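Structure first, commentary second.
Whatever order the structure lists ligands and atoms in, that order sets their numbers, starting from 1. Note that the coordinates shown come from a computational prediction; the quantities given were computed from them, not determined experimentally.
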Amino acid sequence: MDCLFCKILNKEIPADIIYEDDQVIAFNDINPQAPTHALVVPRKHIDTVNDIADDDQALVGHMVQVAGKIAKEQGFDESGYRTVFNCNSHGGQTVFHIHLHLLGGKPLGWPPYFDENLKQPVA
Ligand code: 5GP
Ligand code: ZN
């Protein structure tokens with residue numbers, strides 16, 4: 001399957017891997033939007049959040065827990081951080097293998113307004 005994150009999982013494409021276990025890997029985003037911007041990716045290929053099956057519930061829970069562990073490891077669990085699953089076009093999903101974004105290390109804006117003129121998120 002022609003999937004960027006499957007290729008990273010199979011070590012066909014390099015990535016800055018910061019966590020790995022039998023169910024997931026986590027690596028730094030190539031275009032970071034915060035001092036720490038990591039992606040927690042299941043070894044199982046699932047296209048979008050819409051495709052999470054009943055059998056995947058523990059896996060997805062594990063992804064969230066791993067994000068929390070990385071936040072603790074990096075020292076911003078108490079100051080806080082954000083975890084995000086983008087889904088499909090309006091969600092801004094560009095890689096169709098589910099991944100949990102972990103953003104931390106600075107105060108983050110909310111909500112993520114979109115500027116219709118600039119066609120990009122407003123900081
Ligand atoms: P999405 O937009 O699908 O929610 O998130 C995909 C993320 O993957 C983006 O934040 C993008 O910067 C990141 N990304 C895309 N290609 C690569 C790559 O080759 N390596 C890494 N480490 N991150 C990537
Ligand atoms: Zn994949």
Close approach, Phe96 and ligand 1, non-hydrogen under 4.0 angstrom: no
Within the 4.0 Å heavy-atom cut-off, what Leu4 brings close to ligand 1 is side chain
Tell me: protein heavy atom nearest atom 22 (N) of ligand 1, and distance? Asn28 O, 2.9 Å
Which of the numbered atoms in ligand 1 are under 4.0 angstrom from any heavy atom belonging to Phe5? 8 (O)
Aromatic ring pairing Phe5/His99, orientation class (parallel under 30°, perpendicular over 60°, tilted between): perpendicular
Kindly identify the option in Asn31, Asp29, Val95, Leu39 whose heavy atom sits closest to atom 11 (C) of ligand 1. Asp29
Tell me whether Leu103 shares a hydrophobic cluster with Val49, the cluster being built from Ile, Leu, Val, Met, Phe, Trp, Tyr side chains joined at under 4.5 Å. no
Do any N/O atoms on Ile30 end up under 3.5 angstrom from N/O atoms on ligand 1? yes
At the Zn ion (ligand 2), what's the angle from Cys6 SG to Cys3 SG, rounded to 10 degrees? 120°
Going by an N to O cut-off under 4.0 Å, is there a salt bridge joining Asp2 and Lys7? yes
For the CG atom on Asn50, are there more than 12 heavy atoms of other groups (residues, nucleotides or ligands in this structure) within a distance under 6.0 Å? yes
The Zn ion (ligand 2) -> His45, closest N, O or S atom is ND1
Tell me whether Ile8 shares a hydrophobic cluster with Phe85, the cluster being built from Ile, Leu, Val, Met, Phe, Trp, Tyr side chains joined at under 4.5 Å. no
Purely on distance, is any nitrogen or oxygen of His37 under 3.5 Å from one on ligand 1? no
Using a 4.5 Å cut-off on heavy atoms from C-beta on, say whether the side chain of Thr83 contacts that of His101. no
What I want to know is whether Gly92 and ligand 1 share at least one N or O pair that is separated by under 3.5 angstrom. yes
I'd like to check Gln93 versus Thr48 (side-chain heavy atoms, cut-off strictly below 4.5 Å). Are they in contact? yes
Note the single closest protein heavy atom to atom 3 (O) of ligand 1, along with its residue, its atom name and the distance in Å. Thr94 N, 2.7 Å
His101 neighbourhood, listing ligand 1 atoms whose heavy-atom distance to it stays under 4.0 Å: 1 (P), 4 (O), 5 (O), 10 (O)
Does some side-chain heavy atom of Val41 sit less than 4.5 Å from a side-chain heavy atom of Leu100? no
State whether the number of non-hydrogen atoms from other residues, nucleotides or ligands found under 6.0 Å of Glu78 atom CD is greater than 12. no
Give the atom name of whichever N/O/S atom in His97 sits closest to the Zn ion (ligand 2). ND1
Ligand 1 N/O within reach of His99 N/O, cut-off under 3.5 Å: yes
